[in-house]
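Here the structure comes first, spelled out in structure tokens, and everything after it is commentary.
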Amino acid sequence: GDRAETMQNDAEQQRSLVPIVAELLAKLVEANDKLPADKEITVFHAQKAPAVSVMDYAERIAKYSSCSYCCFVVGVIYMDRFIRQQRVLQREFRVNSLNVHRLMLSSIMVAAKFF
């Protein structure tokens, strides 16, 4: 009926959140990768950047995690809070190609726990 169709349309619209969030993070990474390397290494930092793009990684999380697409938006909010907290603690932290994948996965999974 109409209700099922409305829910399907909502799901399709929410699906568009994944590439929007991924594009936002990809642009942030591109800008930050041009800056000098982080002085402080965190648990989110990999030794080398993963071969998978931010967009492909986000799509993979969306496909296999079965969490709500809204978790991607809440995940970005959590990332922002984490970065702000690092600044409060006077730690330098920038989202870059070495940490974006782990940071994104962690943030989305935490968002899924509360959503």
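Count residues from 1 along the sequence.
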Answer yes or no: is there a donor N or O on one side and an acceptor on the other, between the side chain of N32 and the main chain of V95, under 3.5 Å? yes
Hey, is the main chain of P36 close enough, under 3.5 Å, to the side chain of R94 for a donor-acceptor pair? yes
Verify side chain to side chain contact (heavy atoms under 4.5 Å, CB included) between I61 and F72, making sure each step is shown before the conclusion. CA-CA 10 Å; I61 292 170; F72 283 78; 3.8 Å; yes
Spatial distance of atom [atom1] ([X]) from atom [atom2] ([Y]) [nearest 0.5 Å]:
X    : Y    : atom1 : atom2 : answer
F82  : S106 : CZ    : OG    : 9.0 Å
Q86  : R81  : CD    : CZ    : 15.0 Å
L25  : Y57  : CG    : OH    : 12.0 Å
I41  : L98  : CD1   : CG    : 7.5 Å
I108 : S68  : CD1   : OG    : 11.0 Å
M79  : L24  : CE    : CG    : 8.5 Å

Closest contact, heavy atoms only, [X] versus [Y]:
X    : Y    : answer
E92  : E40  : N-OE2, 3.9 Å
P19  : E59  : CD-OE2, 4.1 Å
S107 : G75  : CB-O, 3.3 Å
F93  : L103 : CE2-CD2, 3.9 Å
A112 : C71  : CA-SG, 3.5 Å
V29  : S97  : CG1-N, 3.5 Å

For residues M109 and F44: do they belong to one hydrophobic cluster (side chain heavy atoms under 4.5 Å, members Ile, Leu, Val, Met, Phe, Trp, Tyr)?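 They do share one cluster, since a chain of ILVMFWY contacts under 4.5 Å joins M109 to F44.
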Show me, pair by pair, the donor-acceptor contacts under 3.5 angstrom made by side chains of residues 45-53, not counting sequence neighbours?
| unit_1 | atom_1 | unit_2 | atom_2 | d |
| --- | --- | --- | --- | --- |
| H45 | ND1 | T42 | N | 3.0 |
| H45 | ND1 | T42 | OG1 | 2.8 |
| H45 | NE2 | D38 | OD2 | 2.7 |
| H45 | NE2 | N99 | ND2 | 3.3 |
| S53 | OG | D56 | N | 3.0 |
| S53 | OG | D56 | OD2 | 3.4 |

Under 4.0 Å between a Lys/Arg side-chain N and an Asp/Glu carboxylate O for K27 and E23?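 Between E23 and K27 there is a salt bridge, with a charged N closer than 4.0 Å to a carboxylate O.
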